[in-house]
Peer 1: 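Can you read through this structure? Questions will come right after.
When a ligand or atom number is given, it counts from 1 through the structure's own listing order.
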Amino acid sequence: MRLERGSEAAGKFALKVSNMDTIITNATVITVDGSGTIYQPGAVVVRGDRIADIGPSAEVEARNPDVAKRIDGRGRVVLPGFVSVHNHLGYSVFRGRAEDIGHDAVMGLYVPMSTILAREERALLAALSTAELLRGGVTTVLQMEEDADVSAAFVEEIGMRAALGIMASDIDVAALKQGRIVFDEAIRAAQIAQSTRLAEEVHGRANGRLTAVMAANTASTSSPELLRALRDVADRLGVPVSMHIGIGEAPDVKAVHSGAGVFDFCRDNGFLDERAIAVHCYQLEDGDVERLALSGAALAHCPLMNQFRGAIAPAETLREHGVRVGLGIDNYFSDHFEVIRSRIAVARIRANDPSVVQSMDALADATIRSAEVMGMADQIGSLEIGKKADLQIVDARRYGLAPLNDPVRTLVYHGHGKDIETVMVDGRIVVEDGRVTGVDETALIDEAARAGEAAWARFKDAHGSYVAPH
Ligand SMILES: [Zn+2]
């Protein structure tokens, strides 16, 4: 792949790390397999990029006497890496700016910042989020963002698993501000070219760790021609499509697409069927639950983001209708354990029932079910022989985690990303002793912070405040 200038700016923080056959012994092993198997004490053997053996510790140790690297798992819990099905990695730039301004975030911050943030700055901010997510046990992300190509090199070098896509749109934002709806052909051609180039360059790279997704922002900012062109590429490469759907855009969609309903428009233009991942769905109209279920599309449920927007997707109702549901942290990058807790909390508040969504269910949502949504469940999402070695090891001898009466329940309700000691992706240790391997963390944090500050200074010059008038 061509290394973009922006990618190089972030790439210098990541050094190559290598595989070493590893056995983790005497740990509590939560497999999240189909039977909910937990080995206590258990062991896991990693050879190359795969899980070669797993089971009761004594048996696994006896079967594998000659593994090069040994990790003592006493007092530790091993579980699959988290899979986050919706992310905008460079959106860490909005940290501390977007959380209190409600629905104004999109037109007041996200859209205007997209013309201000330089590629080099986005690359640094995306690198920061990537390192943070990996440190917090997230081993796979679906990254869709403007200029997402700048995040590819760092994601590849740091060792994360990712599906990458440009978040395309072809509406003329300047004309829109003057009340005119113009889908611009030149913008469209450029977006299709950028999306296609990224997809072709990354799909299957790095031992298959990088894949592509064809993504659009919303139905109200996309022409039918744009969506159909992106879908054609998705079909050619056999990759998913993803878009924000059901986020209150229905009036705009009606206005710009001759009265069309959101779900019908998406279905008719290739963004709502078995290949599609619909993001959010927290503002649905009558019949949308059935439309989504009938379409076969999956839901990227982002409960942590939803709750701060004051609207919760009816995830349980959708699942009862047969919709596949996975979890995304979106751009609230703090801690994936918070996403799992939020998943449970918002479902219980919605149902007014304190037993809805049990802890094992929520953990499965964050791992194997999210892998299913991304079409990767045969490779990742649970700890089973033959699957990719994507896992995390939590140090359970921390404040908040003792006594470890029930490992799943204790971790789900009381765990934090900072409790994670080791993370492995594709058999490579990418977090060790709580530090991201091969990354100068202080330098990365400092440079990403400087990039964000520089962008906000220009934003304020252009718009007079930290929220653009709209
Ligand atoms: Zn989003």
Peer 1: Do the charged groups of Arg343 and Glu316 touch, with an N to O distance under 4.0 Å?
Peer 2: yes

Peer 1: Does Cys302 bring an N, O or S atom to under 2.8 Å of the Zn ion (ligand 1)?
Peer 2: no

Peer 1: Ring centroids only, cut at 6.0 angstrom: are His416 and His414 within range, meaning strictly under it?
Peer 2: no

Peer 1: Of all the N, O or S atoms in His244, which has the shortest distance to the Zn ion (ligand 1)?
Peer 2: NE2

Peer 1: Regarding His88, does it place an N, O or S atom less than 2.8 Å from the Zn ion (ligand 1)?
Peer 2: yes

Peer 1: Please evaluate residues Val256 and Phe183 with respect to the criterion side chain to side chain contact (heavy atoms under 4.5 Å, CB included), reporting the C-alpha separation (whole Å), side-chain torsions for both, the decisive distance (0.1 Å), and the verdict.
Peer 2: CA-CA 9 Å; Val256 302; Phe183 289 105; 4.2 Å; yes

Peer 1: Kindly determine whether Arg231 and Asp235 satisfy salt bridge (charged side-chain N to carboxylate O under 4.0 Å, His left out), including the steps that lead there.
Peer 2: CA-CA 6 Å; Arg231 175 57 191 248; Asp235 286 343; 2.8 Å; yes

Peer 1: Give the name of the N/O/S atom in His86 that lies closest to the Zn ion (ligand 1).
Peer 2: NE2

